[in-house]
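Read through the structure below, which is laid out as structure tokens, and then see the notes.
To find a chain, count down the sequence lines: A is the first, B the second, and so on, and within it residues start at 1.
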Amino acid sequence: MLDVQLLRSELQAVARRLADRGYIFPVDEFAKLEAARKAVQTETQELQAERNQVSTQVAQFKAKGEDASQLIAKVNAQADRRKALEQELEGIQAKLDEFLRGIPNVPHPSVPAGKSSADNPEMRKVGTPRTFKFTVKDHVDIGEGLGLLDFATASKLSGARFSVMKAGIAQLHRALAQFMLDVHTREHGYTEVYVPYLVTGACADGVSSLAKFKDDLFKVEGRDLYLIPTAEYPVTNFVREEIVPGEKLPLKFVCHSPCFRSEAGSYGKDTRGMIRNHQFDKVELVQIVHPQSSYDRLEELTAHAEVVLKRLELPYRVVTLCTGDMGFAAAKTYDIEVWLPGQQAYREISSCSNFEAFQARRMQARFRNEKGKTEFVHTLNGSGLAVGRTLVALLENFQNADGSVTVPEALRPYLGGVAALKAS
RNA sequence: GGAGAGAUGGCCGAGUGGUCGAAGGCGCUCCCCUGCUAAGGGAGUAUAGGCUCAAAAGGCUUAUCGAGGGUUCGAAUCCCUCUCUCUCCGCCA
């Protein structure tokens, strides 16, 4: 959520920057709401002040044993008007809050303008896609060929967009999560956390807009609980309504969790295999930082995610999301895209964002600064990495002509030294 | 599932209708004193808003004692609903 003070003082500038990301700021609606708020709030507070003043007078009269009925009559005379105004003000403020919560974040000045993913500039390309001397298969054919991926059973259990993994691939999947957690806890200083996979609506609205994106989430019927679409939801909310001592920053958490997404609106997209499932595992990096350092931290966090790809010897590239392709809450985002031979394309495997104070303001997450004053923290997160897609990338990049799949060196210790997955 | 207790400021904790935004303590900040250290004395120290002001300072003001509603001229305090925490019993992976 944006700072309402900023909107009051620099409305035109903010509207212009939001237009870059394709959001038309309803300037008139905001001006109207603000004018109403100001008028109603001023009068309400005047009446409240009068009531408070008279009430203390009543106390003084009664203490002296004098008759206060005249004073009480005076307050009663304005009670209806006051109560009506209080209600009206509450309504206006609720509308303003809803309005503010529906406005996306303002892109950082370094974010390139653009309309879609086609406009995302490439920052760097690491590793070279391997050339195959045989016809490459995609992960579905590889996995089913090995008898280790079973989409037929998955759809029997739960319908489309689910996976069943068996034996070697199930173990590889587990090894990947383990490996990623080890890298981030041992080498990058993150604290491993285990969290609820269901969070309240308030938490969901703390990291994004629940009103706008609730259709993307699975909800528990009859309860105010949502299956998390990423561990960002619970982990970032660790600091919800907290005042973190300044010296504790940065807080760095890594969390392995399943992620649940309804994928409403993506009908027909990536229907095959495990690229876009309703349920997938992810190792998520979250940082809660001092505002001064948040952009340095974004570079750092992105580099942390890249380490995993390097260790796994997977070719990838990093792009900066242009203004038109950014998520609702982000001020700046780097996507890491891994090379998928089966698709002959780079596909997103991690998304690393700085949200500045946008989420902190929604969550009321603050810290005590050098001057002893409270200030909103900056929040960041990124995948480090999406486990399911990493598995896909391994299968496709390390496939062999005979249908087997080589296990990269880094993972072998996690698989009891196994060097390749073969049909049994 | 049953019974009971509780939720107050950065923390602990007092406060059962009236100058209470809240005693006291701890912590923190500043000052004084003390030849180090330790101890002592004094002052200050919640948050989010609104209006005013060119702006800062300042001034005026509102709300907030788990959340929401109610009673009242006036609620931390009384009533209702909800949430969470703790204790005991039952059940259970």
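- Ion pair A:E263/A:R161 not flagged as a salt bridge, since none of the NZ, NE, NH1 or NH2 atoms sits closer than 4.0 Å to an Asp/Glu carboxylate oxygen.
- In this structure, A:R366 reaches the sugar-phosphate backbone alone: every heavy-atom distance under 4.0 Å involves primed, P, OP1 or OP2 atoms, never a base.
- Comparing B:rG17 with B:rC91, their C1' atoms sit 45 Å apart, to the nearest whole Å.
- Look at B:rC33: it lacks any Watson-Crick or wobble partner with both distances under 3.5 angstrom.
- Across B:rC20 and B:rG9, the matching C1' atoms stand 13 Å from one another, rounded to whole Å.
- Contact annotation for A:V54: no contact, since no heavy-atom pair falls under 4.0 Å across all strands.
- Nucleotide B:rG6: paired with B:rC84 (Watson-Crick or G-U wobble, both distances less than 3.5 Å).
- Looking at heavy-atom distances under 4.0 Å, A:K74 makes no contact with the nucleic acid at all.
- Rounded to whole angstrom, the span from the CG atom of A:N52 across to the P atom of B:rG17 amounts to 20 Å.
- Atom CZ of A:F367 and atom P of B:rA46 are 19 Å apart (whole Å).
- Atom CD in A:E90 sits roughly 9 Å away from atom P in B:rG68 (whole-Å rounding).
- The distance between atom CD of A:E43 and atom P of B:rU62, rounded to the nearest whole Å, is 15 Å.
- A distance of about 29 Å separates the C1' atoms of B:rA5 and B:rA93, rounded to the whole Å.
- The nearest whole Å value for the distance from the CD atom in A:Q53 to the P atom in B:rU61 is 8 Å.
- Distance, A:K38 NZ to B:rG49 P: 16 Å, rounded to whole Å.
- No salt bridge links A:K115 with A:D325; every basic N to acidic carboxylate O contact stays at or beyond 4.0 Å.
- Ionic pairing of A:R186 and A:D182 is present here: one or more N-O contacts between side-chain nitrogen and carboxylate oxygen are shorter than 4.0 angstrom.
- On a pure distance criterion of 3.5 Å, no polar donor-acceptor pair joins the side chain of A:Q48 and the base of B:rU62.
- Taking 4.0 Å as the cut-off between side-chain N and carboxylate O, A:K252 and A:E300 count as a salt-bridged pair.
- Map A:Q364 and A:R223 each onto its nearest nucleotide of RNA chain B; the residue landing nearer the 5' end is A:Q364.
- The shortest distance between the side-chain N/O atoms of A:R368 and the OP1/OP2 oxygens of B:rA46 is not below 4.0 Å.
- Closest to the A:S55 side chain, of the nucleotides B:rG69, B:rG18, B:rA63, is B:rG18.
- Close to B:rU62, at under 4.0 Å from its OP1 or OP2, lies no side-chain N or O of A:R37.
- In this entry B:rA93 has no Watson-Crick or G-U wobble partner, no candidate having both defining distances under 3.5 Å.
- Rounded to the nearest Å, the gap between the P atom of B:rG59 and that of B:rA67 is 29 Å.
- Comparing atom distances between the A:Q45 side chain and each of B:rC51, B:rG49, B:rC73 picks out B:rG49 as nearest.
- Contact annotation for A:T374: backbone-only contact, meaning every heavy-atom pair under 4.0 Å involves sugar-phosphate atoms and none involves a base.
- Both distances falling under 3.5 Å, in either a Watson-Crick or a G-U wobble arrangement, place B:rC73 opposite B:rG18.
- Taking atom P on both B:rG66 and B:rG6, the two are 13 Å apart, rounded to the nearest angstrom.
- The shortest distance between side-chain heavy atoms of A:R297 and A:P250 falls below 4.5 Å.
- For the pair A:H184 (side chain) and A:G384 (backbone), a donor-acceptor distance under 3.5 Å is present.
- Rounded to whole Å, the separation between the C1' atoms of B:rG13 and B:rC53 comes to 41 Å.
- The partner of B:rA38 cannot be assigned: no Watson-Crick or G-U wobble pair with both contacts below 3.5 Å exists in any strand.
- Under the Watson-Crick and G-U wobble criteria, each requiring two contacts below 3.5 Å, nucleotide B:rG24 is paired to B:rC12.
- Atom CD of A:Q41 and atom P of B:rA63 are 11 Å apart (whole Å).
- Straight-line distance between the P atoms of B:rA75 and B:rG18: roughly 12 Å, to the nearest whole Å.
- If you check every strand for non-hydrogen atoms under 4.0 Å, A:Q5 touches sugar and phosphate atoms only.
- Using a 4.0 Å heavy-atom criterion, one finds that A:E46 contacts no nucleic acid atom at all.
- For the C1' atoms, the distance from B:rU29 to B:rC36 is 24 Å, rounded to whole Å.
- Side chain A:E241 to base B:rG66: no donor-acceptor pair is found below 3.5 Å.
- The pairing partner recorded for B:rC51 is B:rG59, the criterion being a Watson-Crick or G-U wobble arrangement whose two distances lie under 3.5 angstrom.
- Nearest nucleotide to the side chain of A:A49, out of B:rC51, B:rU62, B:rC73: B:rU62.
- The 5' end of RNA chain B is approached more closely, in terms of each residue's nearest nucleotide, by A:V4 than by the other of A:Q87 and A:V4.
- Between A:D216 and A:R261 no salt bridge is recorded (no basic side-chain N to carboxylate O distance below 4.0 Å).
- For B:rU64, the paired base is B:rA46 (Watson-Crick or G-U wobble, both distances below 3.5 Å).
- We find that CZ of A:R82 is positioned 9 Å from P of B:rA63, with the value rounded to whole Å.
- Ion pairing between A:E98 and A:R101 fails under the 4.0 Å rule for side-chain N and carboxylate O.
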